[in-house]
Number of protein chains: 2
Amino acid sequence: MYAPERQQQILRLARDGGRVDVLSLAEEFQVTAETIRRDLKALDRAGLVRRVHGGAIPVGRLDFEPDLAERESTAADEKDRIAKAALAELPAEGTVILDAGTTVARVAAAIPLEASLTVVTHSLPIAARLADHPGIQLHLVGGRVRHRTRAAVDAWALRAYGEIRADVLFVAANGFSAGHGLTTPDLAEAAVKRAAVAAARRVVLLADSSKHGQEHFARFGSLDDVDLLITDSGLSPEDTAAVEAGGTEVVRA
Amino acid sequence: MYAPERQQQILRLARDGGRVDVLSLAEEFQVTAETIRRDLKALDRAGLVRRVHGGAIPVGRLDFEPDLAERESTAADEKDRIAKAALAELPAEGTVILDAGTTVARVAAAIPLEASLTVVTHSLPIAARLADHPGIQLHLVGGRVRHRTRAAVDAWALRAYGEIRADVLFVAANGFSAGHGLTTPDLAEAAVKRAAVAAARRVVLLADSSKHGQEHFARFGSLDDVDLLITDSGLSPEDTAAVEAGGTEVVRA
DNA sequence: CCCGTTCGTGCCCGTTCATGCCCGAACCCG
DNA sequence: CGGGTTCGGGCATGAACGGGCACGAACGGG
């Protein structure tokens, strides 16, 4: 195994477990502790983990965002299936907008290496993930960055989306239903989502079934705006029918 | 088999398997390891794989910054000292623009947790690093993202910098001297740097001494634009005097 | 058809890199 | 404040690297 591969794995382990320690890693990878120390130092230098005595802690989990870790694991399986299904909606070539959110991030991570796309996003983690993808022309939407979601919002973001037109938008919502439409807890973020919806010819909503019926503070659209909903099999047939009655296609991954 | 065919095959193998190694490829294609190395170097230059000791990994498989980690090793010590010295130039509170570049990234990494600042940057890695910094209000400058530097450039970025005014800019340059001014290899990036310089009341140039006297394709300013140069002790006294003669303060960390 | 040029490849050899081992220093916990 | 643990710099080693050179095949202008 190559050093960078090992470091990548270590990073994964750190993020999954919230921490790693030198000796277990040495055992795990069948190398000496010195090598692990070197790896951790490299990751530390790259700003990905914070070195502590005996091990390391991934950055971003250091003092807050217990929320992110939790959400990452919540419904992981459903999200993976949804992301996989979403790949089928990627155009062979063209322009795609990717909203912020863990499910959309999985779609981004699953984009095949040989894909040739133009991608627009206001999500920092998604941009970071796609930045070295050889086939992707990446356009970053700027703005004030919200700590919680690491997504850009406000004037710059709104204006940027106002100036473009994309083939497909993959958008996430914290709550959706035929009655309440699409909602999210933050007003600024809702405004950006609304702008993104307006910028796309085709709107694909990615939301696991637990989001159905939920209603949050800020509304950014109705189900009518959505051409396709990709969700999991947890969405009841009646709810599915209700959504489809509004003209939205539904895929239950 | 022709070289490009072989390289295409290698790329396929790399993407399928997630990794390739020099010796097996040499065996597989019945050529020597040198030839494989040349192929991998070509693929590396094309940005399709990332070269590692003993083999290569397809780009996109690692989500941490490859060339960043690599370039970290070059003059790492000087860069650390420069970054440390740069911290003294951070205002207690106010607005700071951070240019892209490894040295500036070190400054970003070294910003104390209790700092309370507004930071503007068009660098993806720097933004990612600061996104979860509790005291920092982060503003991301959007634009087309260059693969090599992971920095946003072009119209959106230029306009964003045209609309703001910051207290301090920390800027990097690939080459600097009293005669040739500040230069960098990429035109688009030079334009963004120029816009950033114009947006800042005080310009701090971070450049290790190896950059002095170098001249690259695109010029984005002269040393007159720079209020303070932070470099390392490798800058000769005469060169230092020449820079200072132009009215630029010099700190040799 | 000839011959100088270019390109791909192989071989050689000094250099660099990743890793492991060692040991004094720093650190953590009780 | 003491004992055990961890750290990190220095050194050694074997593998990988890469620049330089040479050879042969393909190329291309005359």
Considering only nitrogen or oxygen atoms on both sides, find all protein atoms under 3.5 Å from nucleotides 23-26 of chain D and state each distance.
none

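- With a cutoff of under 4.0 Å to any heavy atom of chain B, the contacted region of DNA chain C is bounded 5' to 3' by C:dT9 to C:dA18.
- Under the side chain to side chain contact (heavy atoms under 4.5 Å, CB included) criterion, A:Ala33 pairs with A:Val22, A:Leu23, A:Arg37, sequence neighbours left out.
- Partners of B:Gln214 according to the side-chain hydrogen bond (donor to acceptor under 3.5 Å, both in side chains) rule, which considers only residues two or more places apart in sequence or in another chain, are B:His216.
- For B:Phe176, the ring pair (Phe, Tyr, Trp, His ring centres under 6.0 Å) test picks out B:His212, with sequence neighbours left out.
- Rounded to 10 degrees, the angle separating the terminal axes of the helix from C:dC1-D:dG30 to C:dG30-D:dC1 is 50°, with each axis obtained from five end pairs.
- Contact annotation: the side chain of B:His139 approaches that of B:Gln137 to within less than 4.5 Å [non-hydrogen atoms, C-beta and beyond].
- For the side-chain hydrogen bond (donor to acceptor under 3.5 Å, both in side chains) test, no residue two or more places apart in sequence or in another chain qualifies with B:Ser233.
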Worked check of salt bridge (charged side-chain N to carboxylate O under 4.0 Å, His left out) between B:Asp99 and B:Lys193
CA-CA 7 Å; B:Asp99 184 24; B:Lys193 284 173 191 283; 2.5 Å; yes
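- Every side chain to side chain contact (heavy atoms under 4.5 Å, CB included) that B:Glu238 has, sequence neighbours left out, goes to B:Ser236.
- Positionally, the nearest nucleotide of DNA chain C for B:Tyr2 lies more toward the 5' end than for the other of A:Tyr2 and B:Tyr2.
- Ion pairing between A:Arg50 and A:Asp44 fails under the 4.0 Å rule for side-chain N and carboxylate O.
- Under the 3.5 Å distance criterion, the side-chain polar atoms of A:Lys84 are left unmatched by any main-chain donor or acceptor of A:Ala110.
- For B:Tyr161, the ring pair (Phe, Tyr, Trp, His ring centres under 6.0 Å) partners two or more places apart in sequence, or in a different chain, are B:His122.
- Nearest-nucleotide mapping onto DNA chain C: of A:Asp39 and B:Ala3, the residue sitting toward the 5' end is B:Ala3.
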At under 4.0 Å between heavy atoms, which parts of nucleotides 16-22 of chain D does protein reach? Answer with one letter per nucleotide, 5' to 3': B base, S sugar-phosphate only, - none.
SBBS---
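- Residues passing the side chain to side chain contact (heavy atoms under 4.5 Å, CB included) test with B:Gln9, sequence neighbours excluded: B:Arg12, B:Phe29.
- Atom CD of A:Glu27 has 12 or fewer heavy atoms from other residues, nucleotides or ligands within 6.0 Å.
- Scanning for side-chain hydrogen bond (donor to acceptor under 3.5 Å, both in side chains) contacts around B:Asp227 gives an empty result, with sequence neighbours left out.
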